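Chain A is the first sequence line, chain B the second, and so forth, proteins listed ahead of strands; every chain is numbered from 1. From a predicted model like this one, the values you see are computed outputs, not experimental measurements.
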2 protein chains.
Amino acid sequence: MSTPKAPEGYDRHAFEPFAVTVDLAVLTVREERLHVLLVQRGQEPYAGEWALPGGFVLPRESAETAARRELAEETGLAGAIVEGLHLEQLRTYSDPDRDPRMRVVSVAFTALVPGLPEPRGGGDAAEARWLPYGSYGPLAFDHDRILADARERVGAKLEYSCLATAFCPPEFTLGELRQVYETVWGVELDRPNFRRKVLTTPGFVRAVEGPPRRTGGRGKPAALYRAGEATALHPPLLRPEGRST
Amino acid sequence: MSTPKAPEGYDRHAFEPFAVTVDLAVLTVREERLHVLLVQRGQEPYAGEWALPGGFVLPRESAETAARRELAEETGLAGAIVEGLHLEQLRTYSDPDRDPRMRVVSVAFTALVPGLPEPRGGGDAAEARWLPYGSYGPLAFDHDRILADARERVGAKLEYSCLATAFCPPEFTLGELRQVYETVWGVELDRPNFRRKVLTTPGFVRAVEGPPRRTGGRGKPAALYRAGEATALHPPLLRPEGRST
DNA sequence: ACAAAAGTGTTTCATATACACCCATGC
DNA sequence: GCATGGGTGTATATGAAACACTTTTGT
């Protein structure tokens with residue numbers, strides 16, 4: 001980075017400065033569909049349209065800190081939830097014309113959440129909702145692109161990481177875990193083979209002791225598991241065909 | 001991103017604005033070692049120390065455009081080389097104290113290059129050199145961290161992408177390609193098995209027609225190949241043990 | 001009884017791994 | 001000849017895919 005000093009005649013107050021923002025693609029699995037956390041914009045531009053939650057990075061904040069703060073502000077999710085969230089930097093969007101008002105560079109993050117705390121609007125967001133992926137008109141700014149990138153990234157990470165457990169509550173059944181893969185990838189997985197794969201991967205999941213079992217309604221009650229210590233998946237769990245959308 | 005409007009009383013000229021820069025981790029394989037393109041800083045802070053090439057993003061540039069421009073300026077690499085370069089965004093570094101002068105958010109890129117056009121200093125860089133990875137004192141700013149992230153990312157991408165060919169000249173032998181993997185991963189690979197893997201992966205490499213062969217000095221001359229159309233590696237080529245450094 | 005989901009077992013096939021071995025060149 | 005790296009073949013182990021079957025619940 002950083003030329004040692006700014007270029008000849010450079011004055012950082014001389015031209016329109018950059019604003020730096022964060023955008024969050026918060027994903028969850030609900031009713032066998034991938035859902036996205038969106039907020040409804042209260043002001044122009046794009047007033048009334050859906051957008052990703054996010055906002056300006058403050059002078060003494062890192063991007064990640066700003067992401068957590070904005071998420072808490074705009075969705076009313078409990079502080080404990082937001083703090084414990086698995087946040088991952090996606091990439092940075094810097095097209096000069098991505099915001100009609102001024103030069104805005106935005107650092108996008110992805111978060112995977114389990115249950116479904118119903119959000120509420122707040123801060124600069126008129127409303128906040130979980131919406132099924134793709135069930136909305138075009139989003140504000142370049143947020144459709146960001147969301148598509150996030151989905152692609154998450155789908156890929158499921159293959160070689162244990163990230164899928166981030167979509168599940170603290171204790172979950174193998175059926176719920178499999179549901180995550182099937183929903184994100186849009187395919188059906190063979191139940192027996194999936195079970196074997198998960199259980200034989202060293203630190204992927206840890207069985208919850210005792211006979212506690214949970215019924216998902218009908219069918220045989222399933223054993224409960226917690227996320228294990230492992231973070232990588234060796235060997236990976238590859239999606240059946242090339243890549244889906 | 002982008003709260004619909006800035007917070008109450010927000011004036012984007014009122015506080016110290018953000019500067020946005022790019023940093024480049026340009027890697028190559030040379031003499032069986034991973035090398036990094038570094039520049040020597042001419043000014044404070046960190047004057048005289050090694051740093052990644054990079055610099056300020058201009059008002060009408062995207063980060064990627066800025067990255068190519070800065071690379072050309074600071075290293076004197078030919079325009080054609082810089083334009084054709086495989087540039088990939090790594091991540092963005094936004095710690096408020098990462099630059100002692102002011103608030104600087106930096107978007108880091110990774111580039112993999114084949115041959116070794118000797119660079120020369122230019123722009124704000126007193127000197128530019130290829131240095132073996134790790135053969136230098138601490139770099140300026142948080143550049144050690146960026147470089148470590150870049151190396152980790154590249155090592156991981158070799159597993160499931162055809163990126164390794166980016167380290168090779170337009171025509172290369174399978175031995176050279178294998179050398180890339182061995183150097184980046186720091187392991188030895190079985191030659192016959194590597195060959196099979198590469199040749200049976202549909203679009204990884206394309207044989208160069210005719211009997212043209214290249215001698216690497218001693219040993220049997222090797223057939224030449226070009227990079228194929230494929231970009232992903234299915235199934236992946238996993239490194240032997242977990243992960244190396 | 002039936003549907004639905006969990007859980008176990010088995011068979012088959014693809015792929016990775018570990019070698020042994022021959023080939024063509026420089027010295 | 002010998003060292004060096006390219007190229008071929010093969011046997012074995014490991015893991016994935018497909019599928020048949022049993023178990024336990026709700027209705």
Side-chain angles (χ1 to χ4, degrees), chain A residues 29 31-32 158-160 168 171-183 185 187-202 204-208 210-225 230 232-242, chain B residues 29 31-32 158-160 168 171-183 185 187-202 204-208 210-225 230 232-242:
Chain A
V29 172
E31 290 158 22
E32 313 202 358
L158 288 191
E159 291 190 310
Y160 55 91
C168 297
E171 300 197 340
F172 52 86
T173 68
L174 294 185
E176 291 168 334
L177 187 62
R178 184 169 41 84
Q179 185 67 55
V180 169
Y181 280 89
E182 293 183 336
T183 301
W185 287 350
V187 298
E188 288 226 332
L189 298 179
D190 183 86
R191 212 177 328 109
N193 292 336
F194 179 81
R195 176 189 184 80
R196 245 189 306 276
K197 177 66 184 175
V198 171
L199 293 183
T200 60
T201 298
F204 198 170
V205 298
R206 239 178 45 230
V208 171
R213 307 172 150 254
R214 170 197 291 175
T215 166
R218 48 207 183 291
K220 180 177 176 179
L224 290 176
Y225 296 85
L233 216 51
H234 271 285
L237 176 50
L238 301 174
R239 8 186 184 189
E241 287 115 85
Chain B
V29 171
E31 290 158 22
E32 313 202 358
L158 288 191
E159 291 191 309
Y160 56 91
C168 297
E171 300 197 339
F172 53 86
T173 68
L174 294 185
E176 290 168 335
L177 188 62
R178 184 169 41 85
Q179 185 68 55
V180 169
Y181 280 90
E182 293 182 336
T183 302
W185 288 349
V187 297
E188 289 226 330
L189 298 179
D190 182 85
R191 212 176 331 109
N193 293 336
F194 179 82
R195 175 189 185 79
R196 245 189 307 275
K197 176 69 184 175
V198 171
L199 293 183
T200 61
T201 298
F204 198 170
V205 298
R206 238 178 46 229
V208 171
R213 309 173 149 251
R214 171 198 289 175
T215 166
R218 47 204 182 293
K220 180 178 177 177
L224 290 176
Y225 295 85
L233 215 52
H234 271 285
L237 176 49
L238 302 173
R239 8 185 182 190
E241 287 115 84

In whole angstroms, how far is the [atom2] atom of [N] from the [atom1] atom of [X]?
X	N	atom1	atom2	answer
K220(A)	dT24(D)	NZ	P	5 Å
R218(A)	dA5(C)	CZ	P	5 Å
E176(B)	dT4(D)	CD	P	19 Å
L189(B)	dC19(C)	CG	P	15 Å
F194(B)	dG5(D)	CZ	P	16 Å
L199(B)	dT15(C)	CG	C1'	15 Å
E182(A)	dA5(C)	CD	P	11 Å
R195(B)	dG6(D)	CZ	P	9 Å

Item checked: Side-chain-base donor-acceptor pair under 3.5 Å for R191(B) and dG6(D) ->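 It does, because a donor-acceptor pair links the side chain of R191(B) to the base of dG6(D) below 3.5 Å.
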
Can you tell me how far apart [atom1] ([X]) and [atom2] ([Y]) are? Round to the nearest 0.5 Å.
X	Y	atom1	atom2	result
R239(B)	L189(B)	CZ	CG	11.5 Å
R178(A)	T183(A)	CZ	OG1	10.0 Å
L224(B)	E176(B)	CG	CD	8.0 Å

Check: Is the Y181(A) ring parallel, tilted or perpendicular to the F194(A) ring (thresholds 30°, 60°)?
Finding: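 Rings of Y181(A) and F194(A): perpendicular, over 60°.
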
Note to self: So if I define the base as every atom that isn't primed, P, OP1 or OP2, how would nucleotides 9-19 of chain D read as a B/S/- string at a heavy-atom cutoff under 4.0 Å?
What the structure shows: BB-----SBBB

Note to self: Donor-acceptor check, side chain of Q179(B) to backbone of E32(B), threshold 3.5 angstrom: yes or no?
What the structure shows: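 It does not hold such a pair.
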
Next item on the list: Provide the closest heavy-atom pair for L237(A) versus W185(A) in the form atom of the first, atom of the second, distance.
Entry: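 Heavy atoms only, the tightest pair is O-CH2, 3.1 Å.
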
